[in-house]
Amino acid sequence: MQIEALLSQIADVVWGIPLLVALFGTHLFLTFRLGIIQKHLPHAIRISFTRSHEGTGEISHFGALVTALAATIGTGNIVGVSTAVALGGPGAVLWMWLTGVFGIATKYGEAVLSVKYRVVNEDGTISGGPMYVLEKGLGMKWLGVIFAIFTVVASFGIGNMVQANSIATLLQTRYQVSPWLTGAVLTAFTGVVIIGGIKSIARVCEYLVPFMAALYLVGCVALLVIGHHSIGDTIGLIVSSAFSGQAALGGFAGAGAREAVRYGIARGLFSNESGLGSAPIVAAAAQTSHPVRQALISSTGTFWDTVVVCAATGIVVVNSGAWTSGLKGAELTNAAFSDIPHIGPMVLSFGLLTFVFSTIIGWSYYGEKALEYLAGRGAIKPYRWLWVAAVMVGSVASLQVVWTFADIANGLMAVPNLVALLLLSPVIASETKEYFSRRE
């Protein structure tokens, strides 16, 4: 218990105000440094859905996008959003949404650098990410090593065991399914997908991610249609309480504007991972003719994750009124989805199940490339088998210490990545200017 308490205190420090300010500040800095790159979002979305194969790379640009989305769209989009509302009030939804809007610029910048500084291995495979950016762009290999270590640690925690544990617990609580059975099925499916490497992962994600996201959003839209009479008031409440806070109401303890900002930004950053340095690892593997082209596509991931999916969850939770009941996390989201009798909780359970599975296979690639950077390509096969085994362990074990430790590592990933983004922002701006001047 002492270790758990100590790790919890460290996690609070790591994910405290300085990191949130650094992340959100980088979002704002890059937004204006790049001339508001978000204005190109319609173009980015359009080219992201074209499945042309061009340039050097292992997978299509669409495959890279959905693999990154697989890792990004997870329990944070459901449980994280509800937690933010429960702790920060309805106003947290607006601040979460703003992290997505401005985070598009950071996700874009990360991808530009990762594609520009990626390396082609002797066997034709591609390796890239912040560790290569730090080494080749800044000559800071030591900082690249630190980033890779944090990534490996975080991957086994938030990207694997904690995800498996969350769905095993949900199925046991709601449907009395044994965690051993959940673990066995999840382990088998994970093994089938990841043993084949990034091409296999991307192929599965191209079908799974659009389907799971669309089904979940259909459920959210259905709930908003049912509660359409109060949507206007809900939007007004979200906007007003983002700046003035929300008084105690029902089982809700009340929250000031500071709590709305803190929890909204924290959960938004945690969900979309902009600035943490994870998504550009897979962006580097994409077939693309120019770093900016892939970066535009990669940036749409933050749009879909936070500006769309997280916002939809937040509006549904606030509109349902369940946030005043004192419930938190998955229980709060479940209460909101219960407005659709019988089907609602089933849609939520399916959403959590698929979100968790996609996160496990997406994060497997992040950890793999980080370990490859540290130990060479010979470590890849043992890593994949260890990853599959960790899914089973996570399904049946209690993981609070693992979760907290991985949470710390995940936050610390941002520090070296932000160093690269800020010091190499002139390179990002130069690549951007060159690409768009050529298109005009």
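These numbers come from a predicted model, not from an experiment.
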**Report entry** Contact check, side chains of Y373 and V145, non-hydrogen atoms, under 4.5 Å
**Finding:** yes
Query raised in the report: CZ of R262: more than 12 outside heavy atoms within 6.0 angstrom?
Result: no
Query raised in the report: Between F189 and V193, is any pair of side-chain heavy atoms under 4.5 Å apart?
Result: no
Query - From CA spacing to verdict: ring-ring contact (aromatic ring centres under 6.0 Å, His included), F156, W387 - result: CA-CA 7 Å; F156 274 98; W387 185 268; 5.2 Å; yes
Report task. Mind listing the closest non-hydrogen atom pair of S241 and G91 along with its distance? Result -> OG-N, 3.0 Å
Query raised in the report: Is a side-chain donor or acceptor of Q38 paired with a backbone partner of V101 at a separation under 3.5 angstrom?
Result: yes
Query - Residue pairs fulfilling ring-ring contact (aromatic ring centres under 6.0 Å, His included) with at least one residue in residues 292-331, sequence neighbours excluded - result: F252-W323
Query - Donor-acceptor contact below 3.5 Å, side chain T306 vs main chain G100 - result: no
Query raised in the report: Just by modelled atom types, is the Q294 backbone N or O under 3.5 Å from a matching donor or acceptor in the S298 side chain?
Result: no
Query raised in the report: Under the side-chain contact (heavy atoms from CB on, under 4.5 Å) criterion, do W95 and F243 qualify, and how do the steps go?
Result: CA-CA 10 Å; W95 289 106; F243 302 98; 3.8 Å; yes
Report task. Take L296 and T300 through the side-chain contact (heavy atoms from CB on, under 4.5 Å) test and state the conclusion after the steps. Result -> CA-CA 7 Å; L296 287 168; T300 65; over 6 Å; no
Query raised in the report: Could you state the interatomic distance from CD1 (I198) to OG (S200), rounded to the nearest 0.5 Å?
Result: 9.0 Å
Report task. Please check if the distance between the ring centroids of Y216 and F337 is under 6.0 Å. Result -> yes
Query raised in the report: Looking at side-chain heavy atoms only, is the closest gap between N417 and L276 below 4.5 Å?
Result: no
Report all side-chain donor-acceptor pairs from residues 355-362 shorter than 3.5 Å, counting only partners two or more places apart or in another chain.
from	atom 1	to	atom 2	distance (Å)
S358	OG	A70	O	3.0
S358	OG	T354	O	3.3
S358	OG	F355	O	2.9
T359	OG1	A70	O	3.4
T359	OG1	I73	O	3.4
T359	OG1	F355	O	2.9

**Report entry** N165 side chain to G394 backbone, donor-acceptor under 3.5 Å
**Finding:** yes
Query raised in the report: Within the distance-only criterion (no hydrogens, no angle test), does the side chain of H27 pair as donor or acceptor with the backbone N or O of F24 below 3.5 angstrom?
Result: no
**Report entry** Donor-acceptor contact below 3.5 Å, side chain R118 vs main chain A284
**Finding:** yes
Query - Separation of T26 OG1 from E110 CD (nearest 0.5 Å) - result: 9.5 Å
Query raised in the report: Hey, is CH2 on W15 packed in by over 12 heavy atoms from elsewhere, all under 6.0 Å?
Result: yes
Query - Residue I343 excluded, over 12 heavy atoms near CD1 under 6.0 Å - result: no
Query raised in the report: Can any side-chain N or O of N272 pair as donor or acceptor with the backbone N or O of G268 at less than 3.5 Å?
Result: yes
Report task. Check for a donor-acceptor pair, side chain of Y383 on one end and backbone N or O of E368 on the other, with a separation under 3.5 Å. Result -> yes
